[in-house]
Amino acid sequence: VTTRSGSILRSSTHPRWFEAGAADLQALLSDHLHCERKAAENALSLVRRYPHRADAVAALSRLAHEETSHVVQVAGLIARRGFTPRADTPNRYARQLLAAVRGREPERLLDALLVAAFIEARSHERLGLLAAGFARAGEGDLAAFYQALATAEERHAEIFIQLAAPLVTAAALDDRLAELGALEAEIVAALPLAARVH
Ligand SMILES: [Fe+2]
Ligand SMILES: [Fe+2]
């Protein structure tokens, strides 16, 4: 499978999002901790549901391992800043996107992989905005931290697309990416600007 050039996202985050996100660093980092945890859990839940897909099992397990290392890194950053992580709060963004996953196979697996790709792609965009914003604010540590994680999330989006691509024709893949991309942009546009990743 060839690597797709450019992001699958159909929209850019609001320019004032960084300000809102950085306004409450403890809330932002707590939400980020839970995002990484949920990314690891989601990858392993796909292993639970699709154990017969050996290639996917290997890729998803490695992904879960890497996401878990991100949980460790975010937890370390939270501790260095003297914060205690807060409890997870409902994520409207992910919940609305997951509601678009169709119930019957093989559409269910295709959609689950593509929704995960969009969440990774949006995380990539937003962690990149955090890296740039913190760099402007003179927060070099935070900027470097977020730049490293943003790069990882971009790769993760590609992994999910590569797992999805063999399931359908190239045209069907593009169609579904267009539908989900439009939906994702709509969901993001309706989110409040808040101290969370999405
Ligand atoms: Fe991650
Ligand atoms: Fe990721």
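Nothing here was measured: the structure is a model prediction, and the numbers come from that model. Counting starts at 1 for both ligands and their atoms, in listed order.
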Practice task
State the atom name: nearest N, O or S atom of Glu120 to the Fe ion (ligand 2).
Solution key: OE1
Handout entry: ND1 (His156) - the Fe ion (ligand 2) - OE1 (Glu153) angle, nearest 10°
Key = 90°
Problem - N, O or S from His70 under 2.8 Å to the Fe ion (ligand 2) - result: no
Handout entry: Between His70 and Glu36, a side-chain donor and acceptor under 3.5 Å
Key = yes
Problem - N/O/S from Glu67 sitting under 2.8 Å away from the Fe ion (ligand 2) - result: yes
Handout entry: Between Tyr146 and Glu139: side-chain donor-acceptor atoms closer than 3.5 Å
Key = no
Practice task
For residues Phe118 and Phe160, establish whether the separation of their ring centroids is below 6.0 Å.
Solution key: no
Problem - Residue Glu66, metal the Fe ion (ligand 2), N/O/S under 2.8 Å - result: no
Completion exercise
In Glu36, the N/O/S atom nearest the Fe ion (ligand 1) carries the name OE1
Exercise for the section: State, without any angle test, whether His34 and Arg37 hold a side-chain donor-acceptor pair at a distance under 3.5 Å. Expected result: yes
Exercise for the section: May I ask you to check whether Glu125 and Ser7 show a side-chain donor-acceptor distance below 3.5 Å? Expected result: no
